[in-house]
There are 2 protein chains.
Amino acid sequence: MRVSELSRRSGIPVATIKYYLREGLLHAGELTSATQARYDESHVARLGLIRALLGPARLSVEEAGRVLKVIDNPPETLLDVLGAAQSATAPAPPPDVDPGPALALMERLEWRVQRDGPELLQLATALRAAEDAEIRLIDGGMESYACAMHALAEREVDTVPTDQVPDAVRQAVLGTLLIEPVLLSLRRLAQQDVSTRRFLPDR
Amino acid sequence: MRVSELSRRSGIPVATIKYYLREGLLHAGELTSATQARYDESHVARLGLIRALLGPARLSVEEAGRVLKVIDNPPETLLDVLGAAQSATAPAPPPDVDPGPALALMERLEWRVQRDGPELLQLATALRAAEDAEIRLIDGGMESYACAMHALAEREVDTVPTDQVPDAVRQAVLGTLLIEPVLLSLRRLAQQDVSTRRFLPDR
């Protein structure tokens, strides 16, 4: 199909498609003349993926490029796959954060995690901010949040296909990223439900 | 104290403090001359709050200003407090999203939520993205995530003080916002632990 048809099929303007081609997010079509190229279903699928990453997954073009690179060049072992998927999308932590409290929490929980990864520093930053802001924690403290997330992670790792590494990368990256806004909006809606029942039981 | 001492106490550069003063995030000090003002502990505390909001809570200066306005001018009832806290910090959803699937999920769960709030549209956007990207869901699907978040929300609403509305706003806003990065980083670390145990049990 021509670029105009690709635009119609994907719902993405031609100028934006050309931008993705220039940035290397979308692979080139097959040249049919000096100024025209032919595109196929792989381009439609890729544009759906790009839209998912740049939209609700809230990645920048640069971050989306890193994720697509993991998908295009997946690591060899499944454990490295998950690691690469995570580090491609983890927000960069501030450089001077003390990982101590996060490490202590991991040790209390006996979790085996990447000690030099950005996720641990991200947690340390978040724990520090919660402490600095002096917010009240739920009973059980941070361990309660950790247990809830671990129970979900057990089931999430089950969804990663183990036979095809590219499929595993795709599921790990997108499953991690795209469920994040689902979790956060469900948490806020759950808080609405709980507070409505508690403070306005008759409405 | 002078602005230089306020800077030392808060760890925030003088130029940044002056920027917060201009933007109205920080209340003015008491003028002691035409060019100097005196600051107190309330300014140190406020700067800690601003840093928490702009740092790990990842708000823009404009969003932080909206949150601080809820804290400075809290609504009258506790239910309105939580609602205002949420809408001050909810990401703006795209304008043309169909709330249908999110509403259907809320009805299956029998949750009482704001039907015209941004959170429901946020959920609808996130559900759509997950569906478009064709990721595999955990067993039980979105209901499983909803139940996990509801169990946490029950305990989170317990942490909101009911005697002082300003304290309730502060806890609702900061508890919602500051726990978000905690949840997301714990989820990624839990996925690391689960996949390490599953794919590298001997290490």
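Note on naming: letters A, B, ... go to the chains in the order of the sequence lines (proteins, then strands), and numbering restarts at 1 for each one. Everything quoted here is computed from the prediction, not taken from an experiment.
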Looking only at B/A130, B/G83, B/A172, B/A133, the option with the highest number of non-hydrogen pairs under 4.5 Å against chain A is B/A133
Using a cut-off of under 4.5 Å on heavy-atom pairs, state which of B/R136, B/H150, B/Q191 scores highest against chain A.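 So the answer, after comparing B/R136, B/H150, B/Q191, is B/R136.
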For A/V173, is there any backbone N or O sitting under 3.5 Å from a side-chain donor or acceptor partner on A/T176?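 Between the backbone of A/V173 and the side chain of A/T176 there is no qualifying donor-acceptor contact (under 3.5 Å).
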Practice task
Keeping the roles fixed (side chain from A/S144, backbone from B/L152), state whether a donor-acceptor pair exists under 3.5 Å.
Solution key: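 Absent.
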Check each atom of [X] against the heavy atoms of chain A and say whether the ones under 4.5 Å are side chain, backbone, both or neither.
X      : answer
B/T89  : both
B/A102 : neither
B/L49  : neither
B/L105 : side chain
B/A146 : both

- Task: Identify the residues of residues 154-163 of chain B whose heavy atoms come closer than 4.5 Å to a heavy atom of chain A, ordered by number, or report 'none'.
- Result: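 Result: B/E154, B/R155, B/E156, B/V157, B/D158, B/T159, B/P161, B/T162.
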Any residues in residues 5-28 of chain B near chain A, with a heavy-atom distance under 4.5 Å, and which are they?
->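 Counting heavy atoms that sit under 4.5 Å from chain A, no residue of residues 5-28 of chain B is involved.
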ask   = Is any side-chain heavy atom of A/D40 closer than 4.5 Å to a side-chain heavy atom of A/H43?
value =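 In short, these two side chains touch, coming nearer than 4.5 Å.
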Q.
For A/R115, is there an ion pair with A/E107 - N to carboxylate O distance below 4.0 angstrom?
A. yes
If one checks every heavy atom of A/A45 against chain B at 4.5 Å, the contacting part turns out to be neither
Residue A/M106 versus chain B: region with a heavy atom under 4.5 Å:
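Only the side chain of A/M106 comes within 4.5 Å of chain B.
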Just checking [X]: does its [atom1] atom have more than 12 heavy atoms from other residues, nucleotides or ligands closer to it than 6.0 angstrom?
X      : atom1 : answer
B/R38  : CZ    : no
A/R2   : CZ    : no
A/E131 : CD    : no

message: If we define contacts as heavy-atom pairs under 4.5 Å, which of A/E134, A/Q171, A/M142 has the most with chain B?
response: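 Most pairs with chain B among the choices: A/Q171.
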- Out of A/L120, A/L109, A/V113, which one racks up the most heavy-atom pairs below 4.5 Å with chain B?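 Option with the top pair count is A/V113.
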CG of B/L137 to OH of B/Y145, rounded to nearest 0.5 Å, is 7.0 Å
When A/R187, A/Q192, A/R188 are each screened for side-chain hydrogen bond (donor to acceptor under 3.5 Å, both in side chains) with B/E119, the one that passes is A/Q192
Step by step, work out the salt bridge (charged side-chain N to carboxylate O under 4.0 Å, His left out) result for A/E110 and B/R197. CA-CA 11 Å; A/E110 300 185 352; B/R197 287 171 195 279; 5.7 Å; no
